[in-house]
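All values below were derived from every heavy atom in this structure, side-chain atoms included, with hydrogens, water molecules and symmetry-related copies excluded.
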Amino acid sequence: MTDASPSTPGRDLALELVRVTEVAALSAGRWIGRGRKEDADQAAVDAMRLMLDTVSMAGTVVIGEGEKDEAPMLYNGESVGNGQPPEVDVAVDPVEGTRLTALGQPNAIAVIAVSESGTMFFPGPAVYMDKIACGPKLADVVDISASPGENIRRAAEAKGVQPSEITVIVLDRDRNTGLIDDLRVCGAKVNLIGDGDVAPAIAAARPDETGVDLMMGIGGTPEGVIAAAVARCLGGTLQGVLWPRTVEERGKLVDAGYDLDRVLDTKDLVGGESVFVAATGITNGAMLRGVQFKDGGASTDSIVMRTGSGTVRRTQAEHMPDKVKEFAPPIAF
């Protein structure tokens, strides 16, 4: 069976995207535990950008490393791919968890999401978003407009368990202190994480594998868009409300036309019908094993998913020394 149109991303794109995240993870992997997060990020950006040039697509970066003046590569609005159809929006995070990588801590990943052109939400000046994410079993019961306690009660009822058996991942930040307190008062188990939104979103979308039911709290808006792509592929949901940090930032968002009271659902954030997400582990995590260097070569563990077929594939790859040397040579100090 072939895809209906050359303008629609086809299934062959999935493997190409895995190669993109693999080389980013390999390059960042050389910097695990070295305390230099900027170097890890730059290595991953360089490798990802190089591999993206080989991908059969005419892509535009919607979620990237920042504006052009601040990011020489993978900046918002940059064209990526070999220029051939399909035309797509691209969201990248070469290292989600730069600090995790620098400190050798779990759950750092390299990730990319793709959907049809014009279907991804552009965050603009919206740095943060209040979010709730879950897998398909809870997608119809959670509501970001409800209280934390009400969402835990609904989740427990849907699963046929007590609230004390619901596990929630929350980013450990001062801005989430009230949420954390409320979740503990209602009896939920709270797993605090130091960084990242996408890896926890994948975990929440696959509770049978990870034991995580929900991701909640205020985190990055760009990461929220990628997490929404994950939800689209896995049948879950992500709801978000933009969260300005200051009066000045609120004014910028209002002036730019953003509705700060609007609840953005999964399709508001990623509206395409042909959505792809690929992620490769950099450090070991709940879902993916990190990069392992050995005998001059390396191994990687990746996940790739797409809405078109509803498939989720795990890819464990062995990379020969010549390929590792090309994208992730040993660091000379």
Side-chain angles (χ1 to χ4, degrees), residues 106-107 121 126-221 223-228 230-232 234-246 249-250 253 258-270 285-287:
N107 290 316
F121 179 81
V127 178
Y128 288 114
M129 174 189 288
D130 192 9
K131 290 172 271 192
I132 186 168
C134 64
K137 291 181 180 178
L138 301 181
D140 294 331
V141 302
V142 300
D143 182 355
I144 196 170
S145 301
S147 68
E150 176 65 14
N151 277 310
I152 296 303
R153 185 195 66 77
R154 293 180 184 183
E157 185 176 286
K159 292 188 66 177
V161 300
Q162 294 297 314
S164 59
E165 296 182 61
I166 299 298
T167 299
V168 187
I169 288 184
V170 181
L171 194 61
D172 188 8
R173 296 289 188 273
D174 289 344
R175 59 181 177 267
N176 288 324
T177 298
L179 168 65
I180 293 165
D181 291 342
D182 289 346
L183 290 170
R184 286 175 172 161
V185 165
C186 67
K189 294 185 287 186
V190 180
N191 288 354
L192 297 179
I193 57 171
D195 292 280
D197 281 277
V198 180
I202 296 174
R206 297 176 72 79
D208 292 342
E209 294 182 37
T210 64
V212 174
D213 298 297
L214 298 167
M215 179 186 76
M216 298 176 70
I218 299 164
T221 305
E223 292 85 351
V225 176
I226 302 176
V230 170
R232 289 295 315 279
L234 296 179
T237 191
L238 186 139
Q239 300 171 20
V241 177
L242 300 181
W243 190 83
R245 295 167 293 178
T246 63
E249 188 172 298
R250 173 178 286 273
L253 288 167
Y258 291 90
D259 182 353
L260 302 185
D261 295 322
R262 180 184 177 188
V263 174
L264 299 164
D265 66 21
T266 316
K267 283 197 172 184
D268 291 325
L269 296 168
V270 182
M287 279 294 299

- prompt: Is it true that atom CD of Q162 has more than 12 heavy atoms of other residues, nucleotides or ligands lying nearer than 6.0 Å?
  reply: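 Not buried by this count: 12 neighbours or fewer within 6.0 Å.
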query: After noting the C-alpha distance and the side-chain angles of L179 and I218, does the key distance pass the side chain to side chain contact (heavy atoms under 4.5 Å, CB included) rule?
result: CA-CA 9 Å; L179 168 65; I218 299 164; over 6 Å; no
Over all heavy atoms of both residues, which pair between [X] and [Y] is shortest? Give the atoms and the distance, please.
{"X": "P136", "Y": "A205", "answer": "CD-O, 3.9 Å"}
{"X": "A156", "Y": "P163", "answer": "CB-N, 3.7 Å"}
{"X": "A155", "Y": "L214", "answer": "CB-CD1, 4.4 Å"}
{"X": "A204", "Y": "A133", "answer": "CB-O, 4.0 Å"}
{"X": "A286", "Y": "N107", "answer": "N-OD1, 3.0 Å"}

Side chain to side chain donor-acceptor pair (under 3.5 Å) partners of [X], counting only residues at least two apart:
{"X": "N151", "answer": "none"}
{"X": "T266", "answer": "T237"}
{"X": "D268", "answer": "R262"}

task: Scan residues 152-169 for pairs that pass salt bridge (Lys or Arg N to Asp or Glu O under 4.0 Å), counting only residues two or more places apart or in two chains.
output: E150-R153, E150-R154, R153-E157, K159-D213
For the [atom1] atom of [X] and the [atom2] atom of [Y], what is their distance to the nearest 0.5 Å?
{"X": "D130", "Y": "I144", "atom1": "CG", "atom2": "CD1", "answer": "4.0 Å"}
{"X": "M215", "Y": "L238", "atom1": "CE", "atom2": "CG", "answer": "5.5 Å"}
{"X": "L264", "Y": "T221", "atom1": "CG", "atom2": "OG1", "answer": "9.0 Å"}

- request: Answer yes or no: is there a side-chain heavy-atom contact under 4.5 Å between V168 and I152?
  value: yes
Output a table of donor-acceptor pairs, distance under 3.5 Å, between side-chain atoms of residues 185-198 and any protein atom two or more places apart or on a different chain; print 'none' if there are none.
residue	atom	partner	partner atom	Å
D195	OD1	R173	NH2	3.2
D195	OD2	R99	NE	2.9
D195	OD2	R99	NH2	3.0
D197	OD1	K131	NZ	2.9
D197	OD2	G220	N	3.4

task: May I have the step-by-step check of side chain to side chain contact (heavy atoms under 4.5 Å, CB included) for E249 and L242, ending in yes or no?
output: CA-CA 11 Å; E249 188 172 298; L242 300 181; over 6 Å; no
N/O donor-acceptor pair under 3.5 Å between Q239 side chain and V142 backbone: yes
Residue pairs passing the side-chain hydrogen bond (donor to acceptor under 3.5 Å, both in side chains) test where at least one lies in residues 176-188, sequence neighbours excluded: none
